[in-house]
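To start, the structure under review is shown below, and the notes come after it.
Index from 1, following the sequence. All values below were derived from every heavy atom in this structure, side-chain atoms included, with hydrogens, water molecules and symmetry-related copies excluded.
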Amino acid sequence: MHCTRKITDDIHYVGGSDRRLERFENLFPIERGVSYNSYLILDEKTCLLDTVDSSITRLYLENVKHVLGNRKLDYLVVHHMEPDHCANIEEILIRHPETTVVGNDKTFAFIRQFYPDLDLEGRTLAVKEGDVLKLGKHELHFFMAPMVHWPEVMVSYDPCDKVLFSADAFGSFGALNGNLFADEVDFDRDWLDDARRYYTNIVGKYGAQVQMALKKLTGVDIRLICSLHGPVWRKDIDYLMDKYQHWSTYEPETKGVMIVYGSMYGDNQNAAECLASYLSQEGIRDIRVYDASKTTPSFLVSEAFRLSNIVLVTPTYNMTVYPAIEAFVDDFLRMGLKNRTLSLIENGSWAPAANRLLREKLKEPAFRFTPKDVTIRSNLDEAKLTELASLAKDIRESL
């Protein structure tokens, strides 16, 4: 049974949600599932924008059939060739042999890789930066957005309804719960954490490329944003753009502190909790404490993009950094994070080395450090509590 919704008079949502998938890209936990978005424009010419993941093929094909009715499908625009969006290209073309596939040169190279037996002879239209596809009163103006987050990615803009079809940009984890539009819910409450985690985990490494794409759109009158994941934006576009400006320049959204600890027997957890208490007494209100062995790096990286200060509390483990802490550090480095103030607390019963190793890995000027690291020998004592209280003051000063 179909499940579609109108976005404007001529633009229809024909995607759907998957609530069974546990990990996006088999890496990132998605307890709220994920949506796979596709859009269909009905004009003098009909145009389908992207397909969906194979997990919702049946629903998707029913949606397209319902909206299209008895009309032929003139165009299929492929903004992005990742399998969660291109998995139904062949299914669409089997059902609609009249359809022309629209993409760029890299798009078609990827189509040949994913679909080596698909014959597209005479059925393709290659576009480049600035090209326009005319559908009637609607037109699609194409902008190349390489490495946001694959090399073939492009976005398109329809000046008629002032809508940006943004590929993976401005997307979010999370299944749609009947509310297609971001303004139909409390976005900060219901979507912001998933939107941030989606960006930081999927696109975060490519901040420079996101900046290039945003600059191309400077001056474009955008009233709607239709991403390939998550809700459609039709209000407060500047709010969303501001988030992307922070994330893509690696500037923190909020002045606050995340304390990430690794603790085998509870001593480092105790240190983390004591520091959090001292920070609160210093007047800092946005404090988050995480056990790196329990919270996956996917969530930790998202918080690291949000907050200005990171405290790493780690044992020296086999003469190196505790593996769960090292995994978190490696992940945020892989995503290109910078412009954060770091504080280091190590614990070593006989040969503490973690602080030195972390300083070697986390170089200035990408990262700043509070003046003094803390070294604990097995367990906290009064002298170390005094050092933690002093560290809390240094962190407050850094804010």
Any carboxylate oxygen within less than 4.0 angstrom of a Lys/Arg side-chain nitrogen, looking at [X] and [Y]?
X	Y	answer
Lys216	Glu129	yes
Lys65	Glu62	no
Asp193	Arg306	no
Arg359	Asp373	yes
Glu364	Arg340	no
Asp183	Arg234	yes
Arg197	Glu303	no
Asp221	Arg223	yes
Asp286	Lys255	no

Taking atom OH of Tyr265 as the centre, does the number of heavy atoms from other residues, nucleotides or ligands within less than 6.0 Å exceed 12? no
So for atom CZ, which belongs to Arg71, do other residues, nucleotides or ligands contribute more than 12 heavy atoms lying within a distance under 6.0 Å? yes
Do you see a donor-acceptor pair shorter than 3.5 Å between the side chains of [X] and [Y]?
X	Y	result
Ser248	Gln211	yes
Glu44	His138	no
Thr8	Asp10	no
Asp50	His80	no

Check whether any side-chain N or O of [X] sits under 3.5 Å from a backbone N or O of [Y] as a donor-acceptor pair, and report yes or no.
X	Y	answer
Asn309	Val257	no
Tyr278	Leu391	no
Thr320	Tyr317	no
Asn177	Asn179	no
Lys106	Pro151	no
Asn268	Gly262	yes
Lys243	Arg196	no

I need the minimum non-hydrogen distance between Ile287 and Ala276, along with the two atoms involved. CD1-O, 3.8 Å
For Glu360, enumerate each residue passing the salt bridge (Lys or Arg N to Asp or Glu O under 4.0 Å) test, keeping only those at least two apart in sequence or located in another chain. Arg356
With sequence neighbours left out, write down each residue that passes salt bridge (Lys or Arg N to Asp or Glu O under 4.0 Å) with Lys393, or none if nothing qualifies. Glu282
Are the side chains of Leu279 and Arg396 in touch, meaning some heavy atoms are under 4.5 Å apart? no
Below 4.5 Å, heavy atoms only, C-beta onward: do Met241 and Ile225 meet side chain to side chain? yes
Assign the ring pair Tyr244 / Trp247 to parallel, tilted or perpendicular, where the plane angle (0 to 90°) is split at 30° and 60°. tilted
Aromatic plane relationship, Phe165 with Tyr39 - under 30° parallel, 30 to 60° tilted, over 60° perpendicular: tilted
Per the ring-ring contact (aromatic ring centres under 6.0 Å, His included) rule, which among Phe332, Phe299, Tyr198, Tyr250 passes with Phe305? Tyr250
Check: His85 ring centroid to His79 ring centroid under 6.0 Å: no
